[in-house]
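Throughout, protein chains are lettered first and strands after them, A, B, ... in sequence-line order, and every chain is numbered starting at 1.
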Protein chains: 2
Amino acid sequence: MNNQVNDAPLTLRDVAAAAGVSLATADRVINGRPGVSAKTATKVQEAVQRLGFRPLAAAAELARARSWRFAVVLPGGGNRFMMDIADNIRAQADWFRARRIGVEIVETDVFDADTLAAELTTLPGRFDAVALVALDHPRIRAAIDDLVEAGMAVVTLVSDAPSSRRQHYVGIDNIAAGRTAGSLVGRFLGPARNGEPGGSVGIVTGSGSLRDHAERRFGFGQVLAEEYPHLTRLIPVEGRDDPERNRDLVRRMLADTPDLVAIYNTGEGSVGIGEALAEASLARRILCVGHELTPATRRMLLDGTFAALVAQDPGHEARSTARVLHALVTGQEIVAAQEHIRVQVILRDNLP
Amino acid sequence: MNNQVNDAPLTLRDVAAAAGVSLATADRVINGRPGVSAKTATKVQEAVQRLGFRPLAAAAELARARSWRFAVVLPGGGNRFMMDIADNIRAQADWFRARRIGVEIVETDVFDADTLAAELTTLPGRFDAVALVALDHPRIRAAIDDLVEAGMAVVTLVSDAPSSRRQHYVGIDNIAAGRTAGSLVGRFLGPARNGEPGGSVGIVTGSGSLRDHAERRFGFGQVLAEEYPHLTRLIPVEGRDDPERNRDLVRRMLADTPDLVAIYNTGEGSVGIGEALAEASLARRILCVGHELTPATRRMLLDGTFAALVAQDPGHEARSTARVLHALVTGQEIVAAQEHIRVQVILRDNLP
DNA sequence: CAGTTTTTGAGTTGCGCACCTCAAAACACC
DNA sequence: GGTGTTTTGAGGTGCGCAACTCAAAAACTG
């Protein structure tokens, strides 16, 4: 085992010498410039491998001496989770400045394909790279492909468009997130007991047009059907992530479903669910699992209204977005493990 | 709301001009060199504030033109989690090289205060910074303080020594981790039913000399006592993180405790617990919660022997260690949110 | 006031690389 | 052989800053 992680600093000059070529030629190979014979290029690449040369990041960055413009396209409106992402992007101002990156946060109606597509077409020329919360819709897919075609680096954020040509997705595996929620509900309710029916599980979801919620419902249903068949799944109700709609929907659900034992909310607006339960004096008696850590869900986790949250870290996503876009435009490698966004389970006890 | 995250790049030259001083004077202020009157220094600092100047990291790094030597002190022996950390440190070789950082991984007997203290005294002069898995022991505390006194940057890793002068701790809140395990056990076992006794919960722990295991036991006990008083906690048994010892201890536990319903392992060697349960055909019938994701615990999570794991991400810890040490030696700021290590709950469904 | 110390300005060097020019050398082709 | 093309070498410039020198200016001292 080699415990010496690395050795004396190497420069491009050392590589050139080792390969028996001039500095200019070594530079041409390293930076993929034309006018080098295949034979010579191989010699240089071998020397790079052999010596383990990597350009000093600081020097490369300084010498490149160009600045970048990134756009981050987020849904407008009061979505708390998206506001958290925006805040975390802003909190990186120093990081961006130190890399000569100008960032603009563009708010738009992500739920409307035409609006979003129109917004996207304005980006080339103004920006070098873009991160967007994607709608998985043919028009958006085409718009994303046009951006890539125009030479922009494109990553999807939170909600993916896997069939597009986007270079990277910054977000969680939403099927796994839904499955996790399903396991938590099933486990927390406990096994079926002789003679006792399992009860019904209500599902509150957002608009259904973003891929993430659909995938969560799918994963949730999968686990409940396979592992907890004694539980009855109600038909999902759509509250568009709006607390007031959710409150009304849950009121009706409580009235219509005497054997309701649990509620899963695939999206935002969990606070409305808490209100409806409190009105009916059923808080803590009906098991609730939701998504994302916000001031409201934090409070409901602490007071026991919600038993658990499935969450993704908006700070991690903001930083990952920044790193990935930077790596894409500067041609650096992406550290997959670092950029993998975890599906977090948050209980009262491991609240950050 | 300002959606323009940052503006045109500034140089030190701009700051000097804005402050009405020469470049040399601005440089003296920025880098804390002597020979500047308080009045002038204030002028420059105000200009820095007003313009929002930050030295371009790449240029500063390049100009500083010095290399660093980091040591990472880990326990020797086959601890899988520690091996993961070491592997992740090695995986960062490129990152280190790009910053002129040489890293040496030092394996030693972290559990023996004399050995560890002796190892630590050899570091000053050979290294600029050190990360170590700390024993919370007066001798180690003194040794750490000596390192800081000698001008080294010191961070503790995984297990902290909070009363020492170490600049940072890279690891999780182990009390929260223990509480989380306690909540999972309590919740998964379900509420007390009329007439049914709650049953006994076994606790398997490591050596007890590292702070982390003690804190986990404490947090676990806290939650069980407060929230699940119907459960009986057995006296913790010490298996020194060794699978074979753990197996023997659990064999005896099973024989002695007819009403055993759950086992919590605060440390490594969970595979021994699985073996003992399998022998007795009790796997999946006794609820198990353990720590850290390894090939063995992953397997037991998938086959249902373990219901959940409480984990910390060794990759994150390795990267955080690198970033924090680098920030400490170069005088950069530490992004607290980025370096906060999360207490993760891992179920079968959100396995990374 | 002269003499001393402190403060400031002006300037240089080099970090390692990207990017460029220009000329020389090697090669291909007829 | 000569011509044209490709490949290679040599060298320069600048990125923004750190770190330094040296001299000039300003601020104190008695």
> Counting only side-chain nitrogens and oxygens, does T11(A) get under 4.0 Å of the OP1 or OP2 atom of dG16(C)?
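No, no such contact exists.
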
> D27(A) CG to dT13(D) P: how many Å, rounded?
17 Å

> What are the two closest heavy atoms between I89(A) and F96(A), and how far apart are they?
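Taking every non-hydrogen atom into account, O-CE1, 3.7 Å.
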
> Should D145(B) and R141(B) count as an ion pair when the cut-off is N to O under 4.0 Å?
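R141(B) and D145(B): not salt-bridged.
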
> Write down the distance between CD (E61(A)) and P (dC17(D)), rounded to a whole number of angstrom.
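The answer, rounded to whole Å, is 13 Å.
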
> So, taking the atom named CZ in R139(A) and the one named CG in L116(A), what distance separates them when rounded to the nearest 0.5 Å?
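The CZ atom of R139(A) sits 11.0 Å away from the CG atom of L116(A).
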
> Do the side chains of D27(B) and R33(B) get close enough for a salt bridge, i.e. N-O under 4.0 angstrom?
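Result for this pair is yes, salt bridge flagged.
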
> Heavy atoms only, 4.0 Å cut-off, all strands: where does N31(A) land among base, sugar-phosphate and nothing?
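Sugar-phosphate only.
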
> For R54(A) and dC17(C), give me the distance from atom CZ to atom P, rounded to whole Å.
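So the CZ-P distance, R54(A) to dC17(C), works out to 12 Å.
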
> What residues in residues 42-50 of chain A put a non-hydrogen atom under 4.0 Å from any atom of DNA chain C?
none

> Salt-bridge test for E149(B) and R165(B): reply yes if a basic N is under 4.0 Å from a carboxylate O, no otherwise.
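Salt bridge between E149(B) and R165(B), a charged N being under 4.0 Å from a carboxylate O: yes.
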
> Please report, rounded to the nearest Å, how far the C1' atom of dA18(D) is from the CD1 atom of I30(B).
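That distance rounds to 12 Å.
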
> Starting at atom CG of L12(A), determine the distance to atom C1' of dA18(C), rounded to an integer number of angstrom.
10 Å

> If the cut-off is 4.0 Å, is S37(A) near the phosphate of dT8(D), judged by side-chain N/O to OP1 or OP2?
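Yes, within the criterion.
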
> Please write out each protein N/O paired with an N/O of nucleotides 10-15 of chain C under 3.5 Å, distance rounded to 0.1 Å.
from    : atom 1 : to      : atom 2 : distance (Å)
dC15(C) : O3'    : R100(B) : NH2    : 3.2
dC15(C) : O2     : L62(B)  : O      : 3.3
dC15(C) : O2     : A63(B)  : N      : 3.3

> Output the rounded distance in Å from CZ (R33(A)) to P (dC17(C)).
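Taking CZ of R33(A) and P of dC17(C), I get 13 Å after rounding.
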
> Report yes or no: does Q312(A) contribute a side-chain atom to a donor-acceptor pair with the main-chain N or O of I341(A) at less than 3.5 Å?
no

> List in chain and number order the residues that pass ring-ring contact (aromatic ring centres under 6.0 Å, His included) with H316(B), two or more places apart in sequence or in another chain; answer none if no residue qualifies.
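Counting only residues at least two positions away or on another chain, H316(B) forms no ring-ring contact (aromatic ring centres under 6.0 Å, His included).
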
> Taking all atoms of both residues into account, what is the closest heavy-atom pair of L12(B) and F53(B), and its distance?
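Scanning both residues, the minimum pair turns out to be N-CE1, 3.5 Å.
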
> Both R13(B) and V21(A) contact DNA chain D. Which one's nearest nucleotide lies toward the 5' end?
V21(A)

> For a quick test of reading the model, state the closest non-hydrogen atom pair linking A322(A) to F70(A) and the distance between them.
O-CE1, 4.3 Å

> For K39(A) and dT6(D), give me the distance from atom NZ to atom P, rounded to whole Å.
18 Å

